[in-house]
Amino acid sequence: METIVKPERPGGFLDFLPADYLAREDMLKKIEGVYRSFGFDPIETPRIEFLKTLAGETSDTGKNIFHIKSSQDDEPLAMPFDHTVPFARLLAANPYDAKKRTGIRLPWRRMVVGPVFRSDTPQSGRYRQFYQFDVDIAGTASMIADAEIVALMYLTMKALGVENFRIKVNNRKVLNGLAMLAGIRNRDRISADDITKEMMRILDKLDKIGIDQVLKELQAIPENPEFPAPGLTAEAAEKIRSFLSLRGDNIQKIGRCGELFHGVNIAQEGLEELSRILNYLRSMDIPEAYVEIDFSIARGLDYYTGPVFETVLSDAPGFGSVFSGGRYNDLVKRFTGKSLPATGTSIGVDRLFAALSHLGLLDKSRQTVTEVMILRLEKDRDHQYLEIASQLRRIGINTEISMVEDNSFKGQFNYAISRGIKFIVICGALEFEKETVQVKNLETRKQEEISRADLETYFIKK
RNA sequence: GUGGGUGUAGCUCAGUUGGCAGAGCACCGGGUUGUGGCCCCGGUUGUCGAGGGUUCAAAUCCCUUCACUCACCCCA
C-alpha cells in the first residue's frame, strides 16, 4: 500500500496554470519592453545568497528573510527578499578594470526579473514567493537617474493598460530634516537613527490611521525603554502637524515645505532634489497628475537615502504598493566600505497581477499556445497525421496532434473546444481519398476544404 | 506577535433538535460515434484534520492540538 501524499502547497506560494501563466507572461513582456527602451541590460543573480549578504550587520531587517536550514555550507544561506541587495553585492564584486576591460563599467543600468522570498505570513496579495521586475541605475548621483526611474514607472503602468494610479514621491532627506526639527537625538542606548526610522514608520501610516492618531503615536512613551519610540514633545508634534498638513500642487508643497525647514540644510537639499526630478519629468512629457509629492511616504526598507517612490492603484488601494523604489547611496558600502550612488525601482509582478485580476483588467482567455490540433480519425493513418503536423510546424504554426485515446470524432472535437484551441484539421477516409483536409475554425465555426498542397499557403495567409 | 473564519470523496462543497456519510464535477465500465462543450445506463471513491471527553448513539456537543485562511502589523 503506497502512502498517499496530499497535493498540498505551502501558503504564499502560487501555481500558475496556462491561462494565468500566459496572462502574466504578457505582463512581463510589456514591462520588459519599457525597461529595454530605457537601455536597461538584463542580468540574473541566484535564488540563494549568503545570509550575511542579505542581512548585513544588523539582523534587524532580516526578520522576514527566508532562511535555508539544511545545507553542507558552513556559512548560513538564505533566499533574497529583493533584487537590490544582490545587485549591490554584484556591483561590489565586479569593479571595472580598464586594462583588462572586465567588470562593470559605471554608470550602469541593469534590469532583473525573478522570484524573491519573504517569510511573512501570507495573505491576499501578499506572498512568500513573488516575482519582482527590477531596474536600477548605479554609479551616478544625478537626479536625471531618479527622474528616469519615475518616468519609467509611469510608462510601464501605462503599457500594462493601467489608467488609474498614482506615483507618490518623497525624499528621505526631508524626513531626516524633520527628525532634526522634531528634536530627535540619541537617547540612552538607542541611536537617533533608529528613532528616526520608527518615526518614519509611524508617518507612513498616515493615510490609514489619520493625522491625530499619528501624532498620538509619535508622542507615546513606550513601556519598554529599549523600544525606539520617538516620544516627541507636544511642541515637536505641532511642527509635524504643520508638516503633514502641507497642501497644494507639487510646486506649492515644495515651496511651503521649504519655509517650514528654514535653516535645515538636509531637508532643503531633499526638496531641491525633488524639484529637479519634477523638472526633468516635464521634459519627458510625464503628466503631472500621475506624480504626487507625498511627505508621509517613507518606505519600509531602511537602505534608502534620498528620493523614494511608491505606486498605488486608485481603484484597488487595498493591494497597497505595487511598484516602488528609491535611491540607496550607501548599500554598496556594506561590501566595499565605500559609497556608490544608485537608484532604482521594482514592480511587484504577482501582486499587480492579483490586483489587475481583481479589477478585471487582465485577459485570461488564452488557455493554450496550440493554434492547430490534428484529429486522428483513421486508425491506420498516424504517419500521415504526423506529416501534416510537421508541415504546419515548419511554417511556424503551433500544432499538436490529438492524443485523445479513442478515434471518435466527437471525443476529439470536444477536447479541442474545451482546451480553447482555435483550429482543428479534420482528415478522414473521404479526405485522404481526395488528398484534402477540412480546416475548421472553432471560433467562427467556419470550415473549409483545402487541398493538401495548399495547406501551408492557407495558414501562412492566416 | 494580536484577533476572526474554515477543516467532510481527487476537486468544489451540503449535511436539519446528536440517529445508516451526501451532491455536483472528475474518474472507471457500457451504449451512442463526421461537427459545439453532449446524452443514456451502471460503478468506484472517506482516519468527517488529529487526540481526548460526554452519550445507547458524535461529522454534529465540550476540551486540547494541528493545518489552512482572512484581517491588523509590515511590505511588492
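Letters A, B, ... mirror the listed sequences (proteins, then strands); counts begin at 1.
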Exercise for review: Could you state the atom-to-atom distance from CZ of A/Arg118 to C1' of B/C75 in whole Å?
Suggested key: 6 Å
Check your understanding: Which residue lies toward the 5' end of RNA chain B, A/Glu310 or A/Arg126, if each is placed at its nearest nucleotide?
Key -> A/Arg126
Check your understanding: When only distance counts, do a donor and an acceptor, one from the side chain of A/Glu431 and one from the base of B/G34, lie under 3.5 Å apart?
Key -> yes
Study note, to complete from the structure: One should report the stems of RNA chain B, each a stretch of at least three consecutive Watson-Crick or G-U pairs at distances under 3.5 Å, as B:1-7 with B:66-72, B:10-13 with B:22-25, B:27-31 with B:39-43, B:49-53 with B:61-65
Review point. Between A/His358 and A/Phe319, how do the two ring planes meet: parallel, tilted or perpendicular, split at 30° and 60°?
Key: tilted
Point to revise | Under 4.0 angstrom between A/Ser324 side-chain N/O and B/C75 OP1 or OP2 | key: no
Point to revise | A/Gln412 side chain near B/U33 phosphate (N/O to OP1/OP2, under 4.0 Å) | key: no
Practice item. Check whether the side chains of A/Asp146 and A/Tyr280 place a donor and an acceptor atom closer than 3.5 Å, and report yes or no. Key: no
**Study point:** Protein-nucleotide distance (A/Lys422, atom NZ; B/G36, atom P), rounded to Å
**Key:** 20 Å
Practice item. Taking only the side-chain nitrogens and oxygens of A/Gln123, find out if one of them lies under 4.0 Å from OP1 or OP2 of B/C70. Key: no
Check your understanding: Do A/Arg419 and A/Glu400 pass the salt bridge (charged side-chain N to carboxylate O under 4.0 Å, His left out) test, and can you show the C-alpha distance, the side-chain angles, and the key distance before you say yes or no?
Key -> CA-CA 12 Å; A/Arg419 283 276 315 282; A/Glu400 70 177 76; 3.2 Å; yes
Review point. Where do A/Arg201 and A/Glu198 land on the salt bridge (charged side-chain N to carboxylate O under 4.0 Å, His left out) test, with the steps shown first?
Key: CA-CA 5 Å; A/Arg201 210 182 60 76; A/Glu198 179 60 18; 3.1 Å; yes
Check your understanding: Can you tell me how far CG of A/Leu28 sits from OH of A/Tyr131, rounded to the nearest 0.5 angstrom?
Key -> 7.5 Å
Exercise for review: Choose from B/G37, B/C70, B/C74 the nucleotide whose nearest atom is closest to any side-chain atom of A/Ser124.
Suggested key: B/C70
Revision key, fill the gap. Sorted by position of nearest nucleotide on RNA chain B, 5' first, the leading residue of A/Phe413 and A/Leu352 is A/Phe413
Exercise for review: Look at all strands and tell whether A/Lys205 reaches a base, only sugar-phosphate, or nothing, counting heavy atoms closer than 4.0 Å.
Suggested key: sugar-phosphate
**Study point:** Residue of the set A/Thr156, A/Leu361, A/Leu362, A/Val322 for which side chain to side chain contact (heavy atoms under 4.5 Å, CB included) holds with A/Leu352
**Key:** A/Val322
Review point. Looking at B/U33, does its base get a donor-acceptor pair with the side chain of A/Lys410 below 3.5 Å?
Key: no
